[in-house]
Protein chains: 2
Amino acid sequence: MERKRISESTIHRLSLYLRTLAELDADGQATVSSKELADREKLTPAQVRKDLSFFGSFGTRGLGYPVIELKDKIARILGVNRTWNVAVIGVGNIGSALVSYKEFARQGFRIVKIFDNDQRKIGSNHKGIQVSDFKDFADEAPEAGVEIAIIAVPGPIAQYVVDDVVRAGIKAILNFAPVNLRVPADVYLRNENMSMELEYLSFAMVNNHVQKKTRRTV
Amino acid sequence: MERKRISESTIHRLSLYLRTLAELDADGQATVSSKELADREKLTPAQVRKDLSFFGSFGTRGLGYPVIELKDKIARILGVNRTWNVAVIGVGNIGSALVSYKEFARQGFRIVKIFDNDQRKIGSNHKGIQVSDFKDFADEAPEAGVEIAIIAVPGPIAQYVVDDVVRAGIKAILNFAPVNLRVPADVYLRNENMSMELEYLSFAMVNNHVQKKTRRTV
DNA sequence: TAACCTATGTGACGGGTTTCACATGACTCG
DNA sequence: CGAGTCATGTGAAACCCGTCACATAGGTTA
């Protein structure tokens with residue numbers, strides 16, 4: 001399959017478009033122009049059209065894009081036109097917040113397992129899911145069809161946890177622990193660094209940094 | 001003050017360097033080369049050197065960078081060599097997780113106020129802080145010296161909340177609500193979109209997307 | 001059906017960011 | 001103290017990404 005390199009920025013923007021399209025759909029709007037989409041995301045119309053053009057022609061000249069159809073197309077491109085089974089590891093502050101985070105479910109990410117290594121937490125119930133002992137990850141995760149693992153454990157133990165997760169055959173990991181993790185090349189690892197944006201704000205304020213049309217509004 | 005445009009990517013990488021330098025310092029390592037720093041972040045040594053060179057010459061040829069000194073320099077650049085007073089608005093799942101998130105404190109972001117509009121939550125105690133009524137934001141936030149507001153309220157009310165926050169004179173906002181917010185040009189707004197990285201993982205898996213040296217590992 | 005209007009899709013362009021490559025300078029060892 | 005080694009700092013080159021501008025085509029109206 002011949003495929004152009006799609007930049008990370010483009011993918012992230014598709015996420016933005018998807019969200020906005022869902023809003024437009026909820027408002028009952030039938031079509032949307034690249035201009036309107038761009039205005040909402042603080043991007044340029046050309047940017048929107050270019051992003052979409054990597055994947056096909058979804059619009060109608062002179063009219064715009066059909067909202068529902070485009071939403072479905074982007075969902076398909078991103079792979080969220082289906083359900084993904086997710087395990088959350090670590091049910092501390094962050095972990096339990098994620099378990100309750102409705103936006104994940106809305107995007108098709110279904111949390112089916114929760115793990116922890118704290119005896120006091122194991123067996124307790126979060127949103128209808130019994131917390132399992134992380135020791136049993138290798139058995140229980142595949143059994144439950146887990147495809148994505150979210151790491152929400154303290155930094156110091158995150159590498160050990162991720163090693164076990166990789167050994168259990170998981171190929172996609174989202175890490176909330178504030179450390180750099182090492183994984184084999186065939187495992188997808190993404191990091192969610194919540195301090196990063198605060199630090200950006202800090203930098204901007206200290207330096208009176210000029211706001212710009214950010215390439216990526218996270 | 002004449003200053004080059006510093007790209008967003010560079011600032012984000014400085015955050016990464018800062019974190020890694022803290023780890024290295026904790027390990028007792030005295031110096032670090034651009035190569036070692038690059039390997040840890042999956043970047044190139046040239047990238048690291050270029051990023052730092054925007055702000056000065058911090059290294060010693062033939063030797064590398066002094067860990068502690070560089071850490072302090074970057075902290076100063078990012079503006080985190082001081083304390084920032086932060087208010088968290090909305091003490092639901094995400095909000096209360098953020099209040100307890102130790103990494104913020106470690107980076108100098110001190111949560112001094114918590115607001116909500118739910119009578120059942122107002123007055124309750126989170127990590128030693130009494131939850132205030134959001135109605136009183138305009139009075140209490142300036143009084144407490146709040147400089148940054150974190151929005152952790154449900155999407156549908158986020159724009160109203162942010163409008164009030166702006167009216168109260170806050171110039172820096174970190175938004176966790178999954179919606180696009182509008183703020184005046186002189187207000188710094190950053191978004192934390194936690195679904196975005198999950199969607200990236202989804203895209204990568206569906207498309208067998210080749211891992212690359214990502215410009216920005218969030 | 002024809003003319004007009006409008007917004008897409010896309011090649012060309014331009015700017016900005018990353019990578020390259022090497023001169024430079026600091027430290028080390030004999 | 002001088003030669004050798006090593007990693008920085010930085011112009012130049014390469015590359016990638018976003019913007020521009022317009023030909024194109026679908027819709028609409030008369």
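Below, chains carry the letters A, B, ... as their sequence lines are ordered, and counting in each starts from 1. Fair warning: this is a prediction, and the values are worked out from it, not measured in the lab.
Judged as a side chain to side chain contact (heavy atoms under 4.5 Å, CB included), and not counting sequence neighbours, the contacts of B:S195 are A:Y101, A:E103, A:F104, A:Q107, B:N193, B:E199. Residues meeting the side chain to side chain contact (heavy atoms under 4.5 Å, CB included) test with B:T60, sequence neighbours left out: B:L63. Qualifying side chain to side chain contact (heavy atoms under 4.5 Å, CB included) partners for B:A22, counting only residues two or more places apart in sequence or in other chains: B:K71. Checked against salt bridge (Lys or Arg N to Asp or Glu O under 4.0 Å), A:K73 has no partners two or more places apart in sequence or in another chain. For B:T20, the side chain to side chain contact (heavy atoms under 4.5 Å, CB included) partners two or more places apart in sequence, or in a different chain, are A:N180, B:L24, B:L37, B:R40, B:E41.
Side chain of B:S33, nearest nucleotide from D:dA12, D:dC22, D:dA7: D:dA7. The listed nucleotides are C:dT19, D:dG18, C:dG9; the one nearest the side chain of B:T44 is C:dT19.
B:S34 has a side-chain polar atom (N or O) that falls below the 4.0 Å cut-off from OP1 or OP2 of D:dT8. Dashed line: the shortest gap from a side-chain N or O of B:Q47 to OP1 or OP2 of C:dT17 is not under 4.0 Å. Taking only side-chain nitrogens and oxygens, B:R49 never comes nearer than 4.0 Å to OP1 or OP2 of D:dG9.
Using a 4.0 Å heavy-atom cutoff across all strands shown, A:K35 reaches no nucleic acid atom at all.
Judged by distance alone, the side chains of A:E36 and A:Q29 do bring a donor and an acceptor atom under 3.5 Å apart.
Between the P atom of C:dG15 and the CZ atom of B:R5 lies a distance of 15 Å, rounded to the nearest Å. Between the CD atom of B:E36 and the P atom of D:dC6 there is a distance of 16 Å, given to the nearest Å. Put simply, CZ on A:F55 is 15 Å from C1' on C:dG9, counting in whole angstrom units. Atom pair B:I6:CD1 and C:dT18:C1' shows a separation of 15 Å (rounding to whole Å applied). Look at CZ on B:F54: it is 8 Å from C1' on C:dT17, rounded to the nearest Å. Between the NZ atom of B:K50 and the C1' atom of D:dG11 there is a distance of 7 Å, given to the nearest Å. B:L14 has its CG atom 14 Å from the P atom of C:dT17, to the nearest Å. Taking atom CZ of B:R13 as the reference point, atom C1' of C:dG16 lies 12 Å away to the nearest angstrom.
Applying the side chain to side chain donor-acceptor pair (under 3.5 Å) definition to pairs two or more places apart or across chains, those involving residues 146-166 of chain B are B:R82-B:E147, B:Q159-B:D163, B:D164-B:R167. The salt bridge (charged side-chain N to carboxylate O under 4.0 Å, His left out) contacts involving residues 57-70 of chain A comprise nothing, where partners must be two or more places apart or lie in separate chains. Within the structure, salt bridge (charged side-chain N to carboxylate O under 4.0 Å, His left out) contacts touching residues 85-95 of chain A (residues at least two apart or in different chains) do not occur. The salt bridge (charged side-chain N to carboxylate O under 4.0 Å, His left out) analysis of residues 46-58 of chain B, with sequence neighbours excluded, yields the pairs B:R13-B:D51.
Between B:F115 and B:F137, the ring centre distance stays below 6.0 Å.
Overall, the helix from C:dT1-D:dA30 to C:dG30-D:dC1 carries an axis bend of 10° between its ends, with five pairs at each end and the value rounded to 10°.
Remark: the backbone N or O of B:G92 is paired with a side-chain donor or acceptor of B:S96 at under 3.5 angstrom.
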**Fill in**
For nucleotides 23-30 of chain C, 5' to 3', base contacts (B), sugar-phosphate-only contacts (S) and non-contacts (-) with protein non-hydrogen atoms under 4.0 Å give BBBB----
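Only B:G64, B:Y65, listed by number, bring a heavy atom of residues 64-75 of chain B to less than 4.0 angstrom from any atom of DNA chain D.
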